[in-house]
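On a predicted model such as this, the values are computed, not experimentally measured, just so you know. For the single chain, residues carry numbers from 1 onward in sequence order.
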Amino acid sequence: MIAILKPGATEEQISHLSQWLQRMNLKVHLSEGQDVTVMSLIGDTSRVDMELLGSLDIVERVQRVSEPYKQANRKFHPRDSIIDCGGVRIGGGYFAMIAGPCSIETEEQIIGVAQAVKESGADILRGGAFKPRTSPYAFQGLGADGLKLLLKAKEATGMPIVTELMNINHLDLFADVDVIQIGARNMQNFDLLKEIGRTNKPILLKRGLANSLQELLMSAEYIMSEGNENVILCERGIRTFETATRNTLDLSAVSQLHEMTHLPVVVDPSHATGKSALVPSMACAAVACGADGIMIEVHNNPAKALCDGAQSLTPAQFDTVSRRVHKIREAVR
């Protein structure tokens with residue numbers, strides 16, 4: 001349920017109303033926009049008398065929200081959320097380029113790629129230390145040692161870092177990680193979502209291989225319901241009947257999610273297509289349709305990459321994409 005407050009409502013009036021509602025065991029969230037202030041009520045709202053609430057002097061109108069996701073809902077939070085990722089802002093007009101190798105392999109590799117993508121305009125460094133792989137025989141990442149190398153790259157370049165968390169037991173290792181990524185396979189690992197919801201770190205939440213947008217937002221709701229509102233959604237392609245690409249990149253999800261939620265939306269064209277030749281055009285298309293950021297895999301030698309080399313760009317290719325992306329951003333503003 002949401003209560004739209006009248007312009008001119010005083011802080012004292014809002015405080016009294018909040019306390020009254022909290023005594024009904026409801027959580028109260030206040031969102032102040034340029035023209036409207038929204039009071040969001042979360043919990044068992046059946047005990048709230050809508051007519052009584054709507055008759056109060058400071059209340060313009062009361063509306064029940066039918067969607068099961070509440071805190072992620074744009075009705076609860078009309079303004080776009082802006083997420084601070086180690087000094088880099090995403091959402092609300094702020095755009096971020098995230099780049100780096102799928103998997104961290106050596107110190108030379110990760111620092112070299114980090115320096116190259118930073119020079120080309122990347123804002124955040126990505127790199128996988130723990131890798132979920134379809135085959136148990138494939139390279140699984142360097143684990144904790146990989147995280148140490150990623151932190152060295154952060155120190156060398158000053159770039160904030162994002163890397164994937166797969167296991168709750170590894171959370172302590174992520175103390176110095178700026179953004180925690182939850183991969184597509186863990187989008188509905190609810191115990192993991194609740195645990196990271198008790199942190200205050202930004203969370204990059206990837207859409208599952210075969211999940212709807214509402215399911216993605218419900219996963220975000222798991223995180224937010226535990227107190228962490230720093231969630232960034234990531235469209236990385238979904239599994240369809242098409243076999244020409246690794247997945248089908250659903251760019252309509254970007255516009256639709258912006259209608260449904262206030263959370264930022266970034267696009268990962270690398271995992272979506274699985275083909276490096278398609279990444280530049282899909283990255284540009286993502287920017288044109290309003291994505292708040294893009295996430296691109298970059299490797300210094302894709303042919304010898306231990307993970308997903310076929311979808312990785314070289315630093316030189318990324319530099320070209322970066323230039324095109326910035327031109328498109330200027331054109332669509």
Ser15 and Glu11: side chain donor to acceptor below 3.5 Å: no
Contacts table for residues 167-176: side-chain donor-acceptor under 3.5 angstrom, sequence neighbours left out:
from: Asn167; atom 1: OD1; to: Asn169; atom 2: N; distance (Å): 2.8
from: Asn167; atom 1: OD1; to: Asn169; atom 2: ND2; distance (Å): 3.4

Test item: Ser312 side-chain N/O and Asp308 main-chain N/O as donor-acceptor pair under 3.5 Å: yes
Short side-chain to backbone donor-acceptor contact, Gln115 and Gly112, under 3.5 Å: no
All pairs passing salt bridge (Lys or Arg N to Asp or Glu O under 4.0 Å) where residues 208-232 contributes a residue, at least two apart: Arg198-Glu226
Residues Arg133 and Gln140: side-chain donor-acceptor under 3.5 angstrom: no
Show me the donor-acceptor pairs within less than 3.5 Å that the side chains of residues 285-292 make with the rest of the protein, sequence neighbours left out.
from: Asp292; atom 1: OD2; to: His258; atom 2: NE2; distance (Å): 2.9
from: Asp292; atom 1: OD2; to: Val265; atom 2: N; distance (Å): 2.8

Between Ser31 and Arg79: side-chain donor-acceptor atoms closer than 3.5 Å: no
Any pair counted as salt bridge (Lys or Arg N to Asp or Glu O under 4.0 Å), so long as it reaches residues 264-282, sequence neighbours left out: Lys206-Asp268
Heavy-atom side-chain proximity of Trp20 to Leu53 below 4.5 angstrom: yes
Nearest atoms (heavy-atom pairs only) where Val231 meets Pro264: O-CD, 3.5 Å
Contact list for residues 48-59, test side chain to side chain donor-acceptor pair (under 3.5 Å), sequence neighbours left out: none
Side-chain (Glu235) to main-chain (Gly237) donor-acceptor, under 3.5 angstrom: yes
Exceeds 12 heavy-atom contacts within 6.0 angstrom, atom CZ of Phe139: yes
Main-chain N/O of Thr199 paired with Asn228 side-chain donor or acceptor, under 3.5 Å: yes
Residues in side chain to side chain contact (heavy atoms under 4.5 Å, CB included) contact with Ala9, at least two apart in sequence or another chain: Gln13, Ile14, Ile58
Partner residues of Ser66 under the side chain to side chain contact (heavy atoms under 4.5 Å, CB included) criterion, sequence neighbours left out: none
Check: residues 249-257 side-chain donor-acceptor pairs under 3.5 Å, at least two apart:
from: Asp250; atom 1: OD1; to: Ser252; atom 2: N; distance (Å): 3.3
from: Asp250; atom 1: OD1; to: Ser252; atom 2: OG; distance (Å): 2.5
from: Asp250; atom 1: OD1; to: Ala253; atom 2: N; distance (Å): 3.4
from: Asp250; atom 1: OD2; to: Arg207; atom 2: NH1; distance (Å): 3.1

Working for side-chain contact (heavy atoms from CB on, under 4.5 Å), residues Val38 and Leu30: CA-CA 6 Å; Val38 177; Leu30 202 65; over 6 Å; no
Flag, side chain of Lys70 to backbone of Gly43, donor-acceptor distance under 3.5 Å: no
Of all pairs that satisfy salt bridge (Lys or Arg N to Asp or Glu O under 4.0 Å), the ones with a partner from residues 141-158, not counting sequence neighbours: Glu107-Lys152, Lys154-Asp178
Any donor-acceptor N/O pair, Thr245 side chain to Thr273 backbone, under 3.5 Å: no
Whether over 12 other heavy atoms sit under 6.0 Å from Arg323 CZ: no
Atom CD of Gln19: over 12 foreign heavy atoms under 6.0 Å: yes
Closest contact, heavy atoms only, Ala129 versus Leu147: CB-N, 3.7 Å
Please table the atom pairs, donor to acceptor, closer than 3.5 Å between any side-chain atom in residues 182-191 and protein atoms at least two apart or in another chain.
from: Arg185; atom 1: NH2; to: Thr134; atom 2: OG1; distance (Å): 3.3
from: Asn186; atom 1: OD1; to: Asn189; atom 2: ND2; distance (Å): 3.1
from: Gln188; atom 1: OE1; to: Asn211; atom 2: ND2; distance (Å): 3.3
from: Asn189; atom 1: OD1; to: Leu192; atom 2: N; distance (Å): 3.3

Asn73 side-chain N/O to Val65 backbone N/O, donor-acceptor pair under 3.5 Å: no
Partners meeting ring-ring contact (aromatic ring centres under 6.0 Å, His included) with His77 (sequence neighbours left out): His262
Salt bridge (Lys or Arg N to Asp or Glu O under 4.0 Å) pairs, two or more places apart, involving residues 84-102: none
Backbone of Leu263 reached by a side-chain donor or acceptor of Ser81 within 3.5 Å: no
Expected output: side-chain Arg74 to main-chain Thr261 donor-acceptor under 3.5 Å: yes
